[in-house]
Structure formats: structure tokens, C-alpha cells
Amino acid sequence: MNKALIILGIILTSQVVNGQTKNFIDQPFLETIAKVDTLIKPDIIYLDILIREKDERNRISVEEMEEKMIQKLKSLGIDTKNQLTLSDLASNFKKYFLKQKDIMKDKAYELKVFNSQTAGKIIVGLEEIGISNVNLDRTEYSKMKELKLDLKSKAVKKAKIQADFLLKPLNQQVTRAIHITDKSYGGYNSFNGELQEVVVMGYSSKRKQEYVPPAIEFKPIKVESEVNIKFAIE
């Protein structure tokens with residue numbers, strides 16, 4: 001008896017679920033996809049900096065290079081406490097062997113700046129104190145979340161306009177949205193090349209005293225939003 005009741009309950013539940021699915025599918029609807037995109041100027045630039053002991057008779061330690069780097073960055077107006085971080089927080093130093101007897105050390109940092117002119121000043125300033133391993137890692141936009149929400153709203157409005165135009169020749173109209181999905185793309189630019197190729201183009205050691213950071217902007221970030229909406233129609 002109990003088994004019969006359980007089986008009956010399963011059948012009734014299945015019928016309810018199937019009925020709900022059928023109701024959703026069987027009602028008249030129009031499905032439309034809308035995309036919007038924009039190009040935004042990045043306002044956060046991340047630089048990778050590597051300081052390394054040199055294989056020289058009078059070796060300069062990583063600690064000494066680190067102190068020189070911090071002083072140079074401060075002289076360029078960088079807030080090292082908030083803008084400079086270790087790339088590998090689990091280990092301050094990376095060690096490697098040279099000639100099977102000497103242990104060399106290096107230390108990697110990530111520096112956050114906010115425009116290409118500052119990035120240019122930093123690469124030149126660090127080169128002046130013997131630090132040339134500086135690469136551009138990525139660029140970002142600080143208000144990306146707000147921008148994506150705005151694009152999603154615009155995509156929904158565009159989808160509604162598309163639906164209205166599609167139904168106008170049929171003398172029908174949409175009533176409400178019965179299903180919505182959305183996607184967002186983009187948000188940052190990543191780079192593999194060295195920073196010198198991007199920011200300090202034209203710079204040479206003979207012109208250190210004359211150097212002025214060029215007014216070069218980074219490639220804009222493309223951000224896209226897409227919505228897929230099913231509108232009930234009548």
C-alpha cells in the first residue's frame with residue numbers, strides 16, 4: 001500500500017512539473033538577442049618589476065636594490081605603501097644557483113599606476129638606478145562593475161525595441177519578459193611585451209636628461225554585454 005502511494009506521488013509530481021514546462025513553452029513568445037559594447041580608456045596600469053642580484057665582483061644585494069627602488073619611486077610621487085606589492089606573497093625571495101656555487105636572489109613586485117606618463121617616468125627612473133626588468137602586465141578600468149551594469153540595462157532596452165519592431169507588421173505586441181539571460185565580455189587588457197615597447201618609444205640613453213614621457217595612450221578596453229530575452233506576446 002505504501003509503495004503504491006509513493007509511486008502515485010512520483011507520477012503526480014512529474015505531471016505537475018511537465019505541466020509547468022508545457023505552460024511555459026506553449027504560451028506565445030518572441031525570443032530576441034541584443035548586444036551593446038563600448039570602448040573605455042583604462043585608468044589603472046599594472047607593471048611587473050624584477051630586481052635581481054648582479055653577477056659582478058662588487059655584487060649589489062637585492063636589499064640594496066630594493067631600497068634604491070623605493071626611494072626612486074617615492075621621488076616620482078608613488079605611494080609605495082598602497083601601490084607597490086610583492087608579486088609572490090608566499091615567498092619574498094626566489095633563489096637560483098649560478099656556476100654551481102653562488103646563490104643569487106631576486107624579488108618580484110607589482111606596481112599600480114594610473115596613466116602612461118607616470119609609467120614612462122618610472123621605467124626611465126628605474127633604469128637610471130640599474131633596474132631594467134620592468135614589464136607591462138595589464139590595464140583595467142576602475143569603474144568596471146558600474147559600466148557592465150549600465151551596458152546590461154542598455155542591452156535590455158535594445159532587446160525591447162527589437163521585439164517591438166518585429167511584432168509591428170503582425171499587429172501584435174509584447175506583454176512582459178518571461179525569461180532573461182545575460183553575459184558580459186571584456187574588462188581588461190593583458191600584455192606580453194616589455195613596457196619599453198609600449199610607453200617609452202623613442203627613448204635612448206643619450207637623451208636621459210632630455211626625456212619627457214610621450215603623450216601615448218594605451219589601447220582602449222572593449223566591454224560587451226549581451227542579453228537573451230523571451231517576451232510573452234499577444
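For the pair Phe114 and Ile45, the tightest heavy-atom approach, listed with the atom from each and the gap, is C-CD1, 4.3 Å. Across all their heavy atoms, Lys72 and Glu128 have their closest contact at NZ-OE1, 3.5 Å. Here the closest heavy-atom approach between residue Leu39 and residue Pro220 is recorded as CB-CB, 4.1 Å. Of all the heavy atoms in Ile221 and Thr139, the pair that sits closest is CD1-O, 3.8 Å. Across all non-hydrogen atoms, the minimal contact from Thr32 to Gln162 is OG1-NE2, 2.7 Å.
The shortest distance between side-chain heavy atoms of Lys160 and Phe231 falls below 4.5 Å. Within the 4.5 Å cutoff, no side-chain heavy atoms of Ile129 are placed close to those of Gln71. Taking 4.5 Å as the limit, every side-chain heavy atom of Leu147 sits out of range of all side-chain heavy atoms of Lys143. Looking at heavy atoms from C-beta onward, Ile78 lies out of side-chain contact with Leu84 at the 4.5 angstrom threshold. Here the side chains of Lys74 and Ile70 are in contact, with some heavy-atom distance below 4.5 Å. Under the 4.5 Å side-chain criterion, counting only non-hydrogen atoms from C-beta, Leu50 is not in contact with Asn135. The side-chain heavy atoms of Leu151 and Glu224, taken from C-beta on, include no pair separated by under 4.5 Å.
Residues forming a side chain to side chain contact (heavy atoms under 4.5 Å, CB included) with Lys152 (at least two apart in sequence, or on another chain): Asp182, Ser184, Ser225. Residues that satisfy the side-chain hydrogen bond (donor to acceptor under 3.5 Å, both in side chains) test with Glu64, not counting sequence neighbours, are Ser61.
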- Query: Which is it for Glu110 and Arg138 under the side chain to side chain contact (heavy atoms under 4.5 Å, CB included) test, yes or no, and what are the steps along the way?
  - Reply: CA-CA 11 Å; Glu110 181 179 81; Arg138 67 192 185 280; 3.0 Å; yes
- What do the steps show when you test Ile51 against Tyr109 for side chain to side chain contact (heavy atoms under 4.5 Å, CB included), and what is the final call? CA-CA 8 Å; Ile51 56 176; Tyr109 296 85; 3.8 Å; yes
- Hey, mind stepping through Ile123 and Leu47 against side chain to side chain contact (heavy atoms under 4.5 Å, CB included) and telling me if it holds? CA-CA 9 Å; Ile123 185 63; Leu47 307 178; over 6 Å; no
- Item | Verdict with reasoning, Leu73 to Ile122, per side chain to side chain contact (heavy atoms under 4.5 Å, CB included) | CA-CA 7 Å; Leu73 292 176; Ile122 288 169; 4.0 Å; yes
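Under the 4.5 Å side-chain heavy-atom criterion for grouping Ile, Leu, Val, Met, Phe, Trp and Tyr, Tyr46 is not connected to Ile49 through any hydrophobic cluster. Under a hydrophobic-cluster definition in which Ile, Leu, Val, Met, Phe, Trp and Tyr are linked whenever side-chain heavy atoms come within less than 4.5 Å, directly or via other members, Leu30 and Ile180 are assigned to the same cluster. Cluster membership check: Val227 shares its hydrophobic cluster with Leu166, using side-chain heavy-atom separations under 4.5 Å among Ile, Leu, Val, Met, Phe, Trp and Tyr. Taken together through direct or relayed side-chain contacts under 4.5 Å among Ile, Leu, Val, Met, Phe, Trp and Tyr, Ile131 and Val62 form part of one hydrophobic cluster. Cluster membership check: Val36 shares its hydrophobic cluster with Met144, using side-chain heavy-atom separations under 4.5 Å among Ile, Leu, Val, Met, Phe, Trp and Tyr.
Checking side-chain atoms of Asp43 against main-chain N and O of Ser142 turns up a donor-acceptor pair under 3.5 Å. Formation of a donor-acceptor pair under 3.5 Å by the Glu226 side chain with backbone atoms of Ile33 is not found in this model. Distance alone, capped at 3.5 Å, is enough to place a donor-acceptor pair between the Thr175 side chain and the Ala232 backbone.
Between Glu140 and Lys112 there is no salt bridge, since no side-chain nitrogen of the basic residue lies less than 4.0 Å from a carboxylate oxygen of the acidic one. A salt bridge does not link Lys168 to Asp164: none of the charged side-chain nitrogens sits closer than 4.0 Å to a carboxylate oxygen.
Rounding to the nearest 0.5 angstrom, the gap separating the OG atom in Ser116 from the NZ atom in Lys121 is 11.0 Å. The CD atom of Glu31 sits 9.0 Å away from the NE2 atom of His179 when rounded to the nearest 0.5 Å. Of the inter-residue distances, the one linking Lys158 atom NZ with Lys35 atom NZ reads 9.5 Å to the nearest 0.5 angstrom. The CG atom of Leu111 sits 10.0 Å away from the CG atom of Asp48 when rounded to the nearest 0.5 Å. To the nearest 0.5 Å, atoms CG (Asp106) and CG (Asn133) are separated by 9.0 Å.
Shown here is Lys68, whose NZ atom has no more than 12 heavy atoms of other residues, nucleotides or ligands within 6.0 Å.
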